[in-house]
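Structure record follows, encoded as C-alpha cells.
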There are 2 protein chains.
Amino acid sequence: MTTIREIAQLCGVSVATVSRVFNQPLTVSREKREVVERVARELDYRPNESARALATKRSGLIGLVWDTDHRRPGWRHPYLQELLIGLKSALSAHGYHLLMLATSGSAALRAVGASLADPVAYVNMTRRHHLGGLVLIDSGSDAPAFTAFAQSGLPCVAVDVAVDGPRATYVTSDNAQGAQQAVRHLVAAGHRRIATITGPRQNLPAVDRLTGFRAAMAEAGLPVPDEYVVEGDFYRPSGQAAMRSLIALPEPPTAVFCAGDEMAVGALLAARHAGLRVPEEVAVVGFDDIELAALVDPPLTTLAQDKAGIGVAAARAVLTMVHGGATPAPAFLPTRLVVRSSSR
Amino acid sequence: MTTIREIAQLCGVSVATVSRVFNQPLTVSREKREVVERVARELDYRPNESARALATKRSGLIGLVWDTDHRRPGWRHPYLQELLIGLKSALSAHGYHLLMLATSGSAALRAVGASLADPVAYVNMTRRHHLGGLVLIDSGSDAPAFTAFAQSGLPCVAVDVAVDGPRATYVTSDNAQGAQQAVRHLVAAGHRRIATITGPRQNLPAVDRLTGFRAAMAEAGLPVPDEYVVEGDFYRPSGQAAMRSLIALPEPPTAVFCAGDEMAVGALLAARHAGLRVPEEVAVVGFDDIELAALVDPPLTTLAQDKAGIGVAAARAVLTMVHGGATPAPAFLPTRLVVRSSSR
DNA sequence: CTGAAAGCGCTTACAG
DNA sequence: CTGAAAGCGCTTACAG
C-alpha cells in the first residue's frame, strides 16, 4: 500500500498538502492538486482507514446490531435479507460500510471482559471502533442494551422497536394504518364478526396493529368481544392454536386478521384441519407479505411491508445524524394491501 | 474513553507496561499486572481499535462480500440468514466482527474512485481496513473480483463457489453426494425414468448436483436421455417451465430431481396445472430445504443443507488462515435427505 | 521485568 | 496557498 508520504516525496510537496488534496481540495492550488491526484491515481493510492479513524475519530462505518434471540434459537427475522439490501445500498451510496457487531449473547464479548448482560456493550463497541452510529434490529432479547445505547447520545436508529434518546429514532411500517386497511377490506367484503390474532404484547408492530384493528372496528361500528382478540407470538404454531380457539367459540368469527403471515399460515392450517373452507367459511388476512404468503393454499391476502424501504429509511436516518443533522422523527412507512384468495 | 496513558499515570507505570498487560501479560510482574488490571476495570477501559489496527496492521475484522446481483434484482440467497448466524457466531467466539463491504455494484465505490468493475476493489478494501480476510458469498455477478481477490494471497473463503489461490479455499455442501441420495431414494421407490432440472451451468452447486445425479443413475444402470436434463436458473419460473417441457415429452419421467427447492416448487405448480398428481403420477425432489419446502402442497422431499454449518465452516477457515495456519482444503458439508410427501 | 523512544499513516490547527 | 509540527492511541523492538 502506498502512503501519503511516498506521494508527497514524488510530488515534492508536504504530506499536509497531499492530505488536503483528498480532504479539502479547494484549499490547494490547482497545479499541485492535479499533480498529486495524478500520482495518487498512478500508484492506486488508498488512504489507510485505521490511521484516518485514529486522527479524525470517525471510521466510515455504521454498526449493525442483530442479535439472535438466545431464548428462541429458531427465531428468524421475517425480512432480514431485504432489510440488509436496503440498508447496505443506502449506506454504500454514501461510502459507508456496515459492521455487524458480535452481539451480547456471544462468547466473544465475555472473552473481552464484557459480561453477557453488559448494557453498555454497544456503547463501548461504538466508541472503540469510532462507529458513526448504530442500527438496531429488534430481536426481543436486548431491551436493556437497546435502551442504554439510545440514551448514550450516539446516533441510534432502531427497526421495529421504539427507542428514546437525544439522538435516537426508529423506523417501522405504518402498522396501525395497515391493520386498518385489512379491517376495511374485510368489512367491505361484508364481514361483521372479525377477530384478530395479535403479536406479543410488548412488541411495537404488534401493539400498533392491534390499535389499528380496534380503530377500524370502531369506525365500522363493530364490536370486538374479548374472545376475538387472541395473543400469539408471531410464530406459526401460535397462529394455529389461536385459530383453533377462535373456531371453537360459540359464535366464531367469519374473518380473522393475523398480525403476521407466519401466524396466518398457521391459521390457514387450523381452518383446514377443522374442515373450514377459506375464504368461504372463514377469511384470513396476514401481515408482512413474506414469500410464503403467495404460495400457500389458498394464497394469503396480506399487508406488504416496504422491506427494503425500511432499510433505506434506517440508513438515511443514521446518516443524517452522523452528518450533524437533527434527530429525525420516527418514520412509519406505508404498507400495501395485497388481496389474494384467502379473503374476499 | 479512557486511554492507556491515563491508566499508566494512575498506576505509576509506563504506557508500555500497560500495553503489555493486555497483550503479553506474562512478561509483566504480577503486582504491576494486578494493579493495572484493577484500574483498567474500574475505569472500564477499552482499547481504541483504530489505534491498535494502525500499530499492528490487524483490525479484528473479517470482511463479508455479499453483492446482490444487479442483473437480477429479485435474486435472493436461499439461506442467507442461517449462513450469517453461523458466520457471526463462530467469528464472535474468537472476538471478530464481520464487516459487510459496500460492494462493487454500488455508487459508493465509484465515488471513492473504484470503477464499477474494478477487480481489485476487494483487495484494496481489505488492505485499507486491515481486514483479516474475506468471506465471499456467491451472487453470480462478481467473478472477476472474486478471482482477483483469491489470487491476492489474502485469506479468502468463498461460499458455494470454487476459488483458487495461495490462501483461498471454499465451503459448500456435498452437492454430488446429496444428488446421489436423491436418486437412490427415487430408485428405491421404484422409479426408472428420472429426469433432472439443473441450475446454471457455471454454478458450482449446480454442476456438482448434476454430476451426482449422473453418477447415481449410472450406478443404478439407468439411462439419462438428453431430454431428461433441463437447465433452469434456480428461480421458480424456470422450474415451472422445465417441468412443463418434461411433461410434454413422448415418454415423460415419473420422477424429477430439481437442483433447488424454488425450482421444485415451480415443478409442483406445473404438475398441478397439468393435472398430474404428485407423487402418484410424478414424484418431485428438491434441494436446500428452504422454509417453503415443508409448506407447499404436497410438502416437498428435499436435501437439507447444513446452512448455519456452512457459515461456521467458512468462519473457521478464515480464522485458521488469519492465525497463520495452512490454507484449509475445500469443505463439503454433508446434506440430509428429508422425505416428505412429494416423493415415494 | 521495565521504560524511553520510535513508529503505524493520517489530519489539522498554527505560522508564515 | 504551503509546510513543520503536534497529535490521534497503541505496540514493540531496543536498552538496561
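Sequence lines set the chain letters: A, B, ... in the order given, protein chains first and strands last, and positions in each chain run from 1.
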Check your understanding: Which comes earlier along DNA chain D counting from the 5' end, the contact point of Arg20(A) or that of Val15(B), where each point is its nearest nucleotide?
Key ->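 Per heavy-atom nearest nucleotide, the more 5' residue is Arg20(A).
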Point to revise | 5' precedence on DNA chain D between Ala16(B) and Ser50(B) (nearest-nucleotide basis) | key: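 It is Ser50(B) whose nearest nucleotide is closer to the 5' end.
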With a non-hydrogen cut-off below 4.0 angstrom, is [X] in contact with a base, only sugar-phosphate, or nothing?
| X | answer |
| --- | --- |
| Val13(B) | sugar-phosphate |
| Ser29(A) | sugar-phosphate |
| Thr17(A) | sugar-phosphate |
| Tyr45(B) | sugar-phosphate |
| Ser19(B) | base |
| Thr3(A) | sugar-phosphate |

Review point. If you walk 5' to 3' along DNA chain D, what is the first nucleotide with an atom under 4.0 Å of a heavy atom in chain A, and what is the last?
Key: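 So the contact region on DNA chain D extends dC1(D) to dG9(D).
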Point to revise | Pairs involving residues 15-32 of chain A, ordered by first then second residue, that meet salt bridge (charged side-chain N to carboxylate O under 4.0 Å, His left out) (sequence neighbours left out) | key: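 Salt bridge (charged side-chain N to carboxylate O under 4.0 Å, His left out) check on residues 15-32 of chain A returns Arg30(A)-Glu34(A).
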Check your understanding: Roughly how far, to the nearest 0.5 Å, is CZ of Arg38(B) from CG of Leu10(B)?
Key ->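 Reported value, rounded in 0.5 Å steps: 10.0 Å.
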Review point. Just the dot-bracket of DNA chain C, please: which string comes out with Watson-Crick or G-U pairs under 3.5 Å, [ ] for crossing, | for another strand?
Key: |||.||||||||.|||
Check your understanding: Taking all non-hydrogen atoms of both residues, which atom of Ile85(A) and which atom of Trp66(B) are closest, and how far apart?
Key ->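 What the structure gives for the nearest pair is CG1-CH2, 3.6 Å.
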Point to revise | Shortest non-hydrogen contact from Ala313(A) toward Leu333(A) | key: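 That would be CB-CD1, 4.2 Å.
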Check your understanding: Between the side chain of Arg167(B) and the main-chain N/O of Gly153(B), is any donor-acceptor distance below 3.5 Å?
Key ->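 Here the side-chain-to-backbone pair exists.
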**Study point:** Side-chain H-bond candidate by donor/acceptor type, Asp160(B) with Tyr79(B), under 3.5 Å
**Key:**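 Yes, a side-chain donor-acceptor pair sits under 3.5 Å.
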Check your understanding: Any chance the side chains of Asp138(A) and His77(A) put a donor and an acceptor closer than 3.5 Å?
Key ->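 No, His77(A) and Asp138(A) have no side-chain donor paired with an acceptor closer than 3.5 Å.
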Point to revise | Residue met sooner reading DNA chain C from 5', once Lys57(B) and Glu31(B) are mapped to nucleotides | key: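 Result of the comparison: Glu31(B).
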Exercise for review: Let me know, please, whether Ala55(B) or Ser14(B) comes out on the 5' side of the other along DNA chain C by nearest nucleotide.
Suggested key: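 Here Ser14(B) is the residue nearer the 5' end.
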Review point. Does atom CG of Asp44(A) have more than 12 heavy-atom neighbours, drawn from other residues, nucleotides or ligands, at distances under 6.0 Å?
Key: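 Counting neighbours around CG of Asp44(A), more than 12 heavy atoms of other residues, nucleotides or ligands fall under 6.0 Å, so yes.
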Point to revise | Over 12 foreign heavy atoms within 6.0 Å of CZ, Arg33(A) | key: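 Yes, enclosed.
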